[in-house]
Amino acid sequence: MNAFTGFAFDNSYARDLEGFYVPWTGAKVPAPTLLRLNRPLAVELGLDADALEGEAGAAIFSGAESPEGATPLAMAYAGHQFGGFSPQLGDGRALLIGEVIDRNGHRRDIHLKGSGRTPFSRGGDGKAVLGPVLREYLIGEAMYALGIPTTRALAAVTTGEAVERDGYQPGAVLARVAASHLRVGTFQFFAARGETDKVRQLADYAIARHYPDIADRDDRYIELLRRVRDAQAALVAKWVGVGFVHGVMNTDNMTISGETIDYGPCAFIDSYDPKAVFSSIDQLGRYAYGNQPSIAQWNLARFAETLLELINPADTDDAIRQATNEINAFPGHYQSAWLDVMRAKLGLARELPDDINLANDLHTAMEGQNVDFTKLFRAMSGVARGNAAPAQALFDDPAGFDEWRGRYDLRLAQEEIGSTARAAAMDRANPLYIPRNHKVEEALQAALQNDMAPFDRLLAVLSDPFSEQDGCGDYAEPAPADFGRYKTFCGT
Ligand code: AMP
Ligand code: MG
């Protein structure tokens, strides 16, 4: 059915990677209802957004009906979760329904989360609930608008079921779109079983899909490691630049494409704090804000381990040497990606050797000062124009910041670009609006009471995060004191 909805599937994963998944279909649910459709994204995918509104979209995006040409399947993957290896995770409540080529010629996965049990469900019920589904919708769209590589929400559907979590919650399914769902954990699944031919097949598929320019190189597997390393370094630098804490950087939640995936207990910092942790299950702070670069490196080392047999089949010591060199180079690549982010935020077009100290020392000046990270950077365009008062006012005691400003002024004097153009560029690098934790909670709580207005309003504000929007001043503010310490829970 539903040929008219416009899905022109071309399912390379199903076709090329037999043995890497289990063909499967979604569960029937009592009352699938389309709650939200991301119309601009649907159009970008070549879909007929009008045809998908209402029942057709509800049937397809709940998983109850397969559109023509879909080959729904549950992907196999493993993963290190909080440092411990699980040899079998997989799509326990998700399905890849197929791939389409979007209007820009990019291959995109269409995937459902919460579509029922699969052979990978272990003890789980295969379901998702409304709050986490809308959360992933909102944060993914916010990240997209911030210019950060991410999976995106295509639709949210309610199922009409009551799903047991802490009490009963409304069941829901998220339809999401990704450059692919290849994860570090996908490689780990086959490497852990000693299935080197499958790891090679997977690596060749990943290269063809994400890094096709290296497909003919003899050293393509070590180059794949480099590419994924660099994509992850750039991604995490962007997270850090907007104060994002992913919260559950397990290797099954790290993509080969370099997109952010699996928004669970994620959050944004208000005041700058490298130790910031929000997830209730991250008791040791493994995935704290400031730990994210070193965790990315740790995850990449796990990825490298899966590739050793491919890097040099004849000489494992040599393969280890090569891979170790690439992993050891991560901090340098990360630092340069972070500096790119910081130079844009600080309005520095030239690259000078001392910039790294300038950027680091601003962060040191923020520590312990209850400075709102987002507001401070947004105020930097004012600082660069000689109006430092709004930035200063964010500090409990601005003495350290004032000292830093002296150096910043000297540094700006070495720029060629005019201050008006610089300020405009800075305002395009420093968002006014991020998904403030209390606003996200407010939107989700209202949605649970069938009031989608706060969700829609927040989504609209976050879709244009760099421009000041009338009457939206409160969306730019940190949580009020009575919001307390923010705690997030896993998105199950
Ligand atoms: P996540 O925390 O979403 O990254 O998922 C980690 C693993 O747990 C994946 O293999 C999921 O498929 C699985 N999982 C999470 N929630 C459920 C659920 N409700 N039912 C079955 N499997 C689940
Ligand atoms: Mg996951």
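Just follow the structure's listing: the first ligand is 1, and inside any ligand the first atom is 1.
Taking any N or O of F120, backbone or side chain, none lies under 3.5 Å from an N or O belonging to ligand 1. In terms of polar-atom proximity, defined here as any N/O pair under 3.5 Å, G126 does make such a contact with ligand 1. Not a single N or O atom of K113, backbone or side chain, sits closer than 3.5 Å to an N or O atom of ligand 1. Considering backbone and side-chain atoms alike, Q81 places every N or O at 3.5 Å or more from each N or O of ligand 1.
Interface atoms of ligand 1 facing D262, defined by a heavy-atom separation under 4.0 Å, are 4 (O). Residue R122 has at least one heavy-atom neighbour below 4.0 Å for each of these atoms of ligand 1: 7 (C), 8 (O), 10 (O), 13 (C). Listed by atom number, the atoms of ligand 1 under 4.0 Å from G124 heavy atoms are 20 (N), 21 (C). For ligand 1, the atoms sitting less than 4.0 Å from at least one non-hydrogen atom of N253 are 4 (O), numbered in the order shown with element in parentheses. Listed by number with element, the atoms of ligand 1 under 4.0 Å from a non-hydrogen atom of L89 are 10 (O). Each of the atoms 9 (C), 10 (O), 11 (C), 12 (O) of ligand 1 lies under 4.0 Å from some heavy atom of G90. Here is the list of ligand 1 atoms found below 4.0 Å of a heavy atom in R165: 19 (N). The K127 neighbourhood of ligand 1 comprises atoms 19 (N), with distances under 4.0 Å to a heavy atom of that residue.
When heavy-atom distances to ligand 1 are checked against a 4.0 Å cut-off, D125 comes that close through both its backbone and its side chain. At a heavy-atom cutoff of 4.0 Å, ligand 1 is contacted by the side chain of Y77 but not by its backbone.
A cation-pi arrangement is present between R183 and Y77, with the terminal nitrogen or guanidinium carbon under 6.0 Å from the aromatic centre and inside a 45° cone about the axis. Cation-pi geometry between K487 and F278 is not met at under 6.0 angstrom from the ring centre and within 45 degrees of the axis. Cation-pi check for R152 over Y144 is met; the charged atom lies under 6.0 angstrom from the ring centroid and within 45 degrees of its normal. Cation-pi check for K345 over F377 is met; the charged atom lies under 6.0 angstrom from the ring centroid and within 45 degrees of its normal. Note that R117 lies outside the cation-pi zone of W24, set by a 6.0 Å cut-off to the ring centre and a 45° limit from the axis.
In this structure, D10 pairs ionically with R15, as a charged nitrogen and a carboxylate oxygen lie closer than 4.0 Å. A salt bridge does not link R200 with E309: none of the charged nitrogens is closer than 4.0 Å to a carboxylate oxygen.
Aromatic ring centres of Y205 and F20: separated by at least 6.0 Å. Aromatic ring centres of H363 and W338 lie closer together than 6.0 Å.
At a 4.0 Å cut-off, not a single heavy atom of R117 sits close enough to ligand 1 to count as contact. Using 4.0 Å as the threshold, A94 has no heavy atom nearer than that to any atom of ligand 1.
Checking D252 against the Mg ion (ligand 2), every N/O/S atom stays at or beyond the 2.8 Å cut-off. Coordination check, N250 versus the Mg ion (ligand 2): failed, since every N/O/S atom of the residue sits at 2.8 Å or beyond.
L47 is listed as a side-chain neighbour of F7, based on a closest heavy-atom distance under 4.5 Å. Residues R209 and D16 have side chains not in contact (no heavy-atom distance under 4.5 Å, counting atoms from C-beta outward).
Between atom CZ of residue R436 and atom CG of residue L462 there is a gap of 10.5 Å, rounded to the nearest 0.5 Å.
The closest approach of D262 to the Mg ion (ligand 2), by N/O/S atoms, is made by OD2.
Considering E136, Q88, R93, R183 only, the shortest heavy-atom separation from atom 15 (C) of ligand 1 involves R93.
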